[in-house]
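Numbers restart at 1 for each chain; the letters A, B, ... are given by sequence-line order, proteins then strands.
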2 protein chains.
Amino acid sequence: MKEKDLNELIEGSNEEQIAEKKLKILEAAIKVFSEKGFEGSRTSEIAKEAEVAEGTIFKYFKTKKDLLSGLLIPLSIKFLRPLIMKSAEDILKKDKENATEEILKELFLDRLSLIKKNMPLIKTVLVEAIYHDELLEPIKEQVVPQVLQLLDSYVDSHKQNGDFNDYNTRLISRTMMSLLMGYIVLSSVFPEFFSLNEDEKEIESIVDIFLNGVKNKGEQI
Amino acid sequence: MKEKDLNELIEGSNEEQIAEKKLKILEAAIKVFSEKGFEGSRTSEIAKEAEVAEGTIFKYFKTKKDLLSGLLIPLSIKFLRPLIMKSAEDILKKDKENATEEILKELFLDRLSLIKKNMPLIKTVLVEAIYHDELLEPIKEQVVPQVLQLLDSYVDSHKQNGDFNDYNTRLISRTMMSLLMGYIVLSSVFPEFFSLNEDEKEIESIVDIFLNGVKNKGEQI
DNA sequence: TCCGTAAGTGAGTGTTCACTCACTCATATA
DNA sequence: TATATGAGTGAGTGAACACTCACTTACGGA
């Protein structure tokens, strides 16, 4: 069932139907790459994981490297599209009705679960992008601008109605990303040091610090 | 000259003198690993970079993997020790005399330049720690607790004298780390999107948001 | 000067790996 | 039923790799 998800998404979006075996190979590649890294993974292991013969991999992907590039399509479909679409709806619709705190909390929690659900895929693509420039380019062209457009426009509207201080918009967006990324990375790599509470409590605190800072205002002169 | 740095540090700290060739091999390994990743690196390339024969590598390191573990020693000496020592001095001494803003700015800038200077080493160890658990353990035992002890005690003292709000200490420490990490990662991986100013201006803004948050207090009811 | 020791060398080796290709077989069509 | 097609297979292959080892060289002490 799990491997159907991707296919449905792709069908639903008018892209060419991806063969069942090809899908299983991609899912297997995500799993193995995320556990061993690209160079540390063996095509034989991916074949085993996908329950196909090793030759089948090379029917669908010319080289092992093509298999890595092939992950970019699942990345944009499974991760990027929901990221963009759901955000647009939620933020823009509910923004006026609810407190900023609530909206941000919901937004952060939503992004958090989306990232956690796609962790192996995201991890693989981001880590390998460090060593393979070809991977970084599509991210710079397709992912980052979309995410920033959303965040920036959200921030801008709050600056305009006086909710937010007049910091540089991009600085505020970057701060939001830093706080969420930092939480995810630190609490998953070093859980014994940084996982203090359930996600919901944590996100609440993060939003609170983001909005109010740590300084005790009673102290100010 | 560059490869002398490490040696001097090690000598100065009463550890055994590291042979010149061994040092060159470690420096070369840091360079090659950081460019290609551990599995993507060839011992032949490391040998070439270090200007030694391939066999020499295996005189000093039993296996290629030992070479990776060997990086942990340079890591703690080149990076961790200065991190701990300089912080302890600076923060604790100047804390009372200067404004919190100034201390934090100096602290962040200092950590930033230390991290940037050791980027290839830090990058390699952190990325490979994802795939090799043996690397993560020393970090969990030697690096993270030390850094946290420092940060936490700094935060605690500011909570006690009323400078900081009564958030969980670890939460505040994590926020500081997230903000700095986020800035470093985002502005070095996606400079065209996130490098807005010189480091000093950026750090000032980060400290300001950390202390005061983004919310416009005039708006509050 | 001669020897002993140890650092350094690099051609050689066995293994592992990505990739190929001649083949099988299930299904579609007539 | 007979034939054609192409998806799928997996033993085989050449290249690349980590690692070895017999050797060379440099040097300190007798």
Side-chain angles (χ1 to χ4, degrees), chain A residues 3-4 6-7 10-11 15-73 124 128 131-132 134-135, chain B residues 3-4 6-7 10-11 15-71 124 128 131-132 134-135:
Chain A
E3 65 269 14
K4 281 283 141 79
L6 240 178
N7 208 355
I10 294 169
E11 285 185 81
E15 306 200 17
E16 102 244 39
Q17 159 115 27
I18 291 185
E20 188 203 339
K21 300 266 173 185
K22 190 173 179 182
L23 262 184
K24 285 190 82 172
I25 291 168
L26 279 176
E27 302 259 354
I30 291 172
K31 176 154 190 270
V32 178
F33 286 165
S34 76
E35 283 164 6
K36 314 255 175 108
F38 174 73
E39 297 281 0
S41 300
R42 307 291 153 231
T43 50
S44 56
E45 192 179 348
I46 296 170
K48 208 173 180 184
E49 182 71 36
E51 295 173 298
V52 298
E54 209 174 337
T56 309
I57 292 178
F58 295 96
K59 271 266 154 47
Y60 288 107
F61 303 93
K62 253 172 64 76
T63 64
K64 185 187 168 191
K65 194 119 179 234
D66 280 358
L67 197 45
L68 180 61
S69 317
L71 295 185
L72 288 172
I73 294 157
T124 300
E128 297 307 329
Y131 305 114
H132 307 272
E134 330 85 71
L135 287 185
Chain B
E3 64 270 14
K4 281 282 142 77
L6 240 179
N7 208 356
I10 293 169
E11 285 187 82
E15 307 199 17
E16 103 243 42
Q17 160 114 25
I18 291 185
E20 189 203 340
K21 300 264 172 186
K22 189 173 180 182
L23 262 183
K24 285 190 83 173
I25 292 168
L26 279 175
E27 301 260 352
I30 291 171
K31 177 153 190 271
V32 178
F33 286 164
S34 77
E35 282 163 7
K36 314 255 173 105
F38 174 73
E39 298 281 359
S41 300
R42 307 289 151 233
T43 49
S44 56
E45 193 179 346
I46 295 171
K48 207 173 181 183
E49 182 73 37
E51 294 173 298
V52 299
E54 211 174 334
T56 309
I57 292 179
F58 294 96
K59 271 267 153 48
Y60 289 108
F61 302 93
K62 252 171 65 76
T63 64
K64 186 186 168 192
K65 195 118 179 237
D66 280 358
L67 197 45
L68 181 61
S69 317
L71 294 185
T124 299
E128 297 307 330
Y131 305 114
H132 307 273
E134 332 82 72
L135 286 186

Mind checking side chain to side chain contact (heavy atoms under 4.5 Å, CB included) for B:F58 and listing every partner two or more places apart, or none if nothing turns up? B:T43
Output the distance between atom CG (B:L68) and atom OG1 (B:T63), rounded to the nearest 0.5 Å. 9.5 Å
Specify the separation, in whole Å, of atom CZ of B:F58 and atom P of D:dC23. 22 Å
A:K59 side-chain N/O to D:dA7 phosphate OP1/OP2 under 4.0 Å: no
Closest heavy-atom contact between B:I57 and B:I25? CA-CD1, 3.9 Å
Students should find this one: the first and last nucleotides of DNA chain C, 5' to 3', lying under 4.0 Å from a heavy atom of chain A. What are they? C:dC17 to C:dT20
What integer distance in Å separates B:L67:CG from D:dC19:P? 10 Å
When you measure from every atom of DNA chain C, which of residues 37-49 of chain A have a heavy atom less than 4.0 Å away? A:S41, A:R42, A:T43
Using OP1 and OP2 only, check whether a side-chain N or O of A:Y60 sits under 4.0 Å from D:dA7. no
Test of understanding: with salt bridge (charged side-chain N to carboxylate O under 4.0 Å, His left out), list the residues that count as partners of A:E45, not counting sequence neighbours. A:K36
Report the residues that fulfil ring-ring contact (aromatic ring centres under 6.0 Å, His included) with A:F33, sequence neighbours left out, ordered by chain and then residue number. A:F38
Rounded to whole Å, the CG-P distance (B:L68 to D:dC19) equals 12 Å
Indicate the atoms forming the closest heavy-atom contact of A:E35 with B:Y131, along with that distance. O-CD2, 3.4 Å
Please list all pairs meeting salt bridge (charged side-chain N to carboxylate O under 4.0 Å, His left out) that have one or both residues in residues 49-71 of chain A, counting only residues at least two apart or in different chains. A:K24-A:E51, A:K31-A:E49, A:K65-A:E134
Grab the CD1-P distance between B:I57 and D:dC17 for me, whole Å please. 13 Å
For the residue pair A:I46 and A:A28, what are the closest heavy atoms and their distance? O-CB, 3.6 Å
Euclidean distance, atom CZ of residue B:F61 to atom P of D:dA18 [Å, nearest integer]: 15 Å
